[in-house]
Amino acid sequence: MTTLRAFTCDDLFRFNNINLDPLTETYGIPFYLQYLAHWPEYFIVAEAPGGELMGYIVWLRAVHYSKKTAVLMLHMFTVMGKAEGSKKREEWHGHVTALSVAPEFRRLGLAAKLMELLEEISEKKGGFFVDLFVRVSNQVAVNMYKQLGYSVYRTVLEYYSASSGEPDEDAYDMRKALSRDTEKKSVIPLPHPVRPEDIE
């Protein structure tokens with residue numbers, strides 16, 4: 001039976017089977033430690049009966065920050081981009097930072113289960129929606145998120161840095177409205193693409 005539990009520091013030495021996949025965005029150890037220190041309840045791992053790590057999900061409950069704090073947050077989480085929200089402006093939301101399942105455990109519904117868990121917690125915290133960023137070229141992930149009820153809210157130009165001299169890659173900002181957004185305003189698509197510096 002699969003166990004969902006909080007990610008621990010020891011897991012940093014056990015999750016290469018998940019992280020060393022070409023479709024997985026990987027981060028430096030300080031990134032993961034920052035999440036463990038500040039938001040441990042938002043960093044969940046799935047473990048197989050034999051103790052192998054099957055997958056993990058990291059998310060941020062986005063809140064409203066002052067400009068000064070938002071800039072600091074951008075510096076700490078450059079790869080993730082800027083995510084903030086305001087209850088007054090109906091932007092309070094959960095943000096999926098990373099979702100990855102080891103290749104040998106894919107197609108078992110594990111990603112859907114982890115996303116469901118995130119959505120439940122975001123509902124309990126009073127979020128209006130859940131959002132995530134995904135490479136435009138990663139059609140497997142885009143289709144999976146669409147099956148889970150997410151839609152493309154906007155395209156973010158050159159969001160992902162490329163390696164080997166290739167051009168930067170665009171991302172889709174995909175969203176799913178939660179029950180608090182009764183009019184589904186948070187998922188009305190923007191008619192034009194935006195740049196990373198334009199993301200609120």
Side-chain angles (χ1 to χ4, degrees), residues 1-29 31-36 39-62 77 79-81 83 93-125 127 129-153 156 159-160 163 169-179 186-187:
M1 176 182 352
T2 301
T3 303
L4 298 179
R5 63 169 177 76
F7 196 95
T8 67
C9 287
D10 289 342
D11 293 326
L12 290 170
F13 303 103
R14 302 178 52 223
F15 74 161
N16 280 347
N17 66 316
I18 304 166
N19 246 17
L20 296 179
D21 178 273
L23 296 177
T24 298
E25 293 298 320
T26 57
Y27 308 101
I29 288 179
F31 174 88
Y32 297 107
L33 292 175
Q34 186 75 25
Y35 267 79
L36 285 171
W39 305 286
E41 69 274 22
Y42 295 112
F43 200 163
I44 305 297
V45 68
E47 190 173 56
E52 308 97 333
L53 297 187
M54 302 169 71
Y56 68 85
I57 189 165
V58 184
W59 70 90
L60 173 67
R61 181 188 65 209
F77 301 111
V79 181
M80 174 175 93
H93 66 284
H95 172 77
V96 179
T97 304
L99 169 65
S100 190
V101 175
E104 63 270 27
F105 296 109
R106 291 186 182 150
R107 303 210 178 273
L108 298 176
L110 188 55
K113 187 66 182 167
L114 290 166
M115 290 296 291
E116 181 183 315
L117 176 63
L118 171 133
E119 292 163 12
E120 287 173 11
I121 291 173
S122 296
E123 282 278 5
K124 289 177 186 172
K125 300 285 185 178
F129 61 93
V130 171
D131 79 341
L132 57 94
F133 293 92
V134 62
R135 289 178 184 272
V136 170
S137 65
N138 190 350
Q139 283 302 302
V140 172
V142 170
N143 291 335
M144 179 197 71
Y145 291 127
K146 284 181 178 179
Q147 288 177 349
L148 295 176
Y150 288 77
S151 60
V152 175
Y153 171 69
V156 184
Y159 181 78
Y160 289 103
S163 58
E169 187 171 351
D170 298 346
Y172 288 138
D173 177 355
M174 298 186 75
R175 292 184 176 189
K176 181 177 183 177
L178 299 176
S179 62
S186 65
V187 295

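What you see is a predicted model, and the numbers here were worked out from it, not measured in a lab. The residues of the chain are indexed from 1 along the displayed sequence.
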So, taking the atom named [atom1] in [X] and the one named [atom2] in [Y], what distance separates them when rounded to the nearest 0.5 Å?
| X | Y | atom1 | atom2 | answer |
| --- | --- | --- | --- | --- |
| Glu123 | Phe129 | CD | CZ | 13.0 Å |
| Leu178 | Lys176 | CG | NZ | 8.0 Å |
| Asn138 | Phe133 | CG | CZ | 15.0 Å |

Tyr150: side chain to side chain donor-acceptor pair (under 3.5 Å) partners, not counting sequence neighbours:
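Side chain to side chain donor-acceptor pair (under 3.5 Å) list for Tyr150, sorted by chain: Glu119.
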
Side chain to side chain donor-acceptor pair (under 3.5 Å) involving Thr8 - partner list, sequence neighbours excluded
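If we apply the side chain to side chain donor-acceptor pair (under 3.5 Å) test to Thr8, skipping adjacent residues, the hits are Asp11.
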
What residues, two or more places apart in sequence or in another chain, satisfy side-chain contact (heavy atoms from CB on, under 4.5 Å) together with [X]?
| X | value |
| --- | --- |
| Ala48 | Glu52, Met54, Phe105 |
| Tyr153 | Asp173, Arg175, Leu190 |
| Gln139 | Val142, Asn143, Tyr172 |

Apply salt bridge (Lys or Arg N to Asp or Glu O under 4.0 Å) to [X] and list each qualifying residue two or more places apart in sequence or on a separate chain.
| X | answer |
| --- | --- |
| Glu116 | Lys113 |
| Arg107 | none |
| Glu169 | Arg135 |
| Glu47 | Arg5, Arg14 |

Can you list the residues that meet the ring-ring contact (aromatic ring centres under 6.0 Å, His included) rule with Phe7, with sequence neighbours excluded?
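Testing Phe7 for ring-ring contact (aromatic ring centres under 6.0 Å, His included), a comparison that skips the adjacent residues, returns Phe15, Phe43.
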
Over all heavy atoms of both residues, which pair between Ala177 and Val187 is shortest? Give the atoms and the distance, please.
N-CG1, 3.5 Å

Report yes if the side chains of Leu99 and Met144 come closer than 4.5 Å at any heavy-atom pair, otherwise no.
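Leu99 vs Met144: side chains touch.
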
4.5 Å side-chain heavy-atom contact, Leu118 and Ile44:
no

Tested for side chain to side chain contact (heavy atoms under 4.5 Å, CB included) against Met174, the lone hit among Val130, Leu148, Val96, Val152 is Val152

